[in-house]
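Below is one structure, written out as structure tokens; the observations come after it.
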Amino acid sequence: MRRSPLALSFYARPTVEVARRLLGQIIVSDVGGRRTAGRIVETEAYVGPHDPACHAWGGRRTPRTEALYGPPGTAYVYFTYGMHWCLNAVTEAAGYPAAVLIRALEPLDGVDTMRRRRARGRGGKVADSDLCAGPARLCEALGITGRLNGIPLQRGALRVVRGDRRRLPVAVTPRIGITAAVDWPLRFVLLDSPWASRGGRGRR
DNA sequence: GGTAGGATAAGCT
DNA sequence: GCTTATCCTACCA
């Protein structure tokens with residue numbers, strides 16, 4: 001089945017709105033010649049230079065954050081904790097640094113590939129419910145690394161395509177793992193989704 | 001069921 | 001030097 005990619009205009013809106021409307025949409029990765037795909041079940045908004053948890057807080061513009069200033073629909077992939085990659089979709093107008101962090105997916109396609117990637121370098125096996133339940137986990141499962149930083153999400157090896165968004169029960173909570181602006185309700189998660197990250201399955 | 005601590009490196013002060 | 005938009009293992013209940 002062929003699904004249409006989300007257009008640039010989808011991302012050129014208030015970041016909170018994009019974060020909410022990304023729930024239910026589908027990420028498709030063809031990295032390494034393998035097709036993997038998953039449905040977005042958890043997101044967080046990082047709303048710009050006035051957001052103390054945003055990497056572009058205070059207008060920081062460095063080689064690391066450069067992709068955040070790109071056009072809407074750009075992939076912002078950053079490295080953290082010395083070993084993890086995380087994927088964001090850049091939002092709002094070009095030049096305005098804001099993005100939505102993709103925090104969890106429901107695996108749809110290429111589950112065997114996901115299992116292999118997630119188990120690599122780790123003798124044990126990974127429960128299917130943990131394949132994409134976390135921002136770094138889903139990047140590992142989909143083969144996403146810094147090589148994809150700055151690419152457009154409308155075409156190419158990594159893209160976001162339209163999913164079924166009818167009747168989605170959404171919970172709104174503070175963001176996870178940050179120490180700044182802890183009261184801002186900028187995390188969106190499908191209510192009771194078994195695919196959400198830890199700290200994420202909760203109701204509110 | 002839960003949580004504490006370690007891994008590991010870029011970017012900042 | 002210190003912090004970090006994390007994950008995993010070990011350990012305790």
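Just so you know, these numbers use all the heavy atoms, side chains as well, and skip hydrogens, waters and symmetry mates. Labels below follow one simple rule: chain letters A, B, ... track the order of the sequence lines, proteins then strands, and each chain is numbered from 1.
A:Arg64 CZ: more than 12 foreign heavy atoms inside a 6.0 Å radius. A:Arg147 CZ: 12 or fewer foreign heavy atoms inside a 6.0 Å radius. Remark: A:Trp57 CH2 is loosely packed, at most 12 non-hydrogen atoms of other residues, nucleotides or ligands lying under 6.0 Å away.
Between A:Tyr96 and A:His50, the ring-plane angle classifies as tilted under the 30° and 60° cut-offs. Under the 30°/60° scheme for interplanar angles, the aromatic rings of A:Trp85 and A:Phe79 are found to be tilted.
With a 3.5 Å limit on both pairing distances and Watson-Crick or G-U wobble geometry required, the stems of 3 or more pairs in DNA chain B span B:1-7 with C:6-12, B:9-12 with C:1-4.
Contact check of residues 61-71 of chain A against DNA chain B (heavy atom, cut-off under 4.0 Å) returns A:Thr62, A:Arg64. Across residues 48-59 of chain A, A:Ala53, A:His55 each have a non-hydrogen atom less than 4.0 Å from an atom of DNA chain C (numbered order). Residues from residues 81-95 of chain A that place a heavy atom under 4.0 Å from any atom of DNA chain B, listed by number: A:Tyr81, A:Gly82, A:Met83.
Cluster annotation: A:Val41 and A:Leu101 are assigned to distinct hydrophobic clusters (Ile/Leu/Val/Met/Phe/Trp/Tyr, side-chain heavy-atom contacts under 4.5 Å, transitive). Hydrophobic clustering, with ILVMFWY side chains joined whenever heavy atoms are under 4.5 angstrom apart, keeps A:Ile178 apart from A:Leu87.
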Pair A:Arg21-A:Phe10, side-chain contact (heavy atoms from CB on, under 4.5 Å): steps then yes or no | CA-CA 9 Å; A:Arg21 298 175 84 130; A:Phe10 174 91; 3.8 Å; yes

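Salt-bridge formation is not detected for the pair A:Arg13/A:Glu92: no Lys NZ or Arg NE/NH1/NH2 atom is positioned less than 4.0 Å from an Asp or Glu carboxylate oxygen. Taking 4.0 Å as the cut-off between side-chain N and carboxylate O, A:Glu140 and A:Arg118 count as a salt-bridged pair.
With hydrogens and angles disregarded, no donor-acceptor distance shorter than 3.5 Å links the side chain of A:Ser29 to the backbone of A:Thr36. Under the 3.5 Å distance criterion, the side-chain polar atoms of A:Asp51 are left unmatched by any main-chain donor or acceptor of A:Tyr46. Side-chain N or O atoms of A:Arg187 include none that pairs as donor or acceptor with a backbone N or O of A:Glu44 at under 3.5 Å. A:Thr15 contributes no side-chain N or O that, together with a main-chain N or O of A:Val47, makes up a donor-acceptor pair within less than 3.5 Å. At distances below 3.5 Å, at least one donor-acceptor pair connects side-chain atoms of A:Arg3 with backbone N or O atoms of A:Arg162. A donor-acceptor pair under 3.5 Å links the side-chain atoms of A:Asn149 to the main chain of A:Val77, judged by distance alone.
When side chains are defined from C-beta on, A:Glu17 does not count as touching A:Arg20, because their heavy atoms never get closer than 4.5 Å.
Residue-level contact check: A:Ile178 touches the backbone only, with heavy atoms under 4.0 Å from sugar-phosphate atoms and none from bases.
Contacts between chain A and DNA chain C, taken as any atom within less than 4.0 angstrom of a protein heavy atom, begin and end at C:dT4 to C:dT9. If you walk DNA chain B from 5' to 3' and mark each nucleotide with an atom closer than 4.0 Å to a heavy atom of chain A, the marks span B:dA7 to B:dT13.
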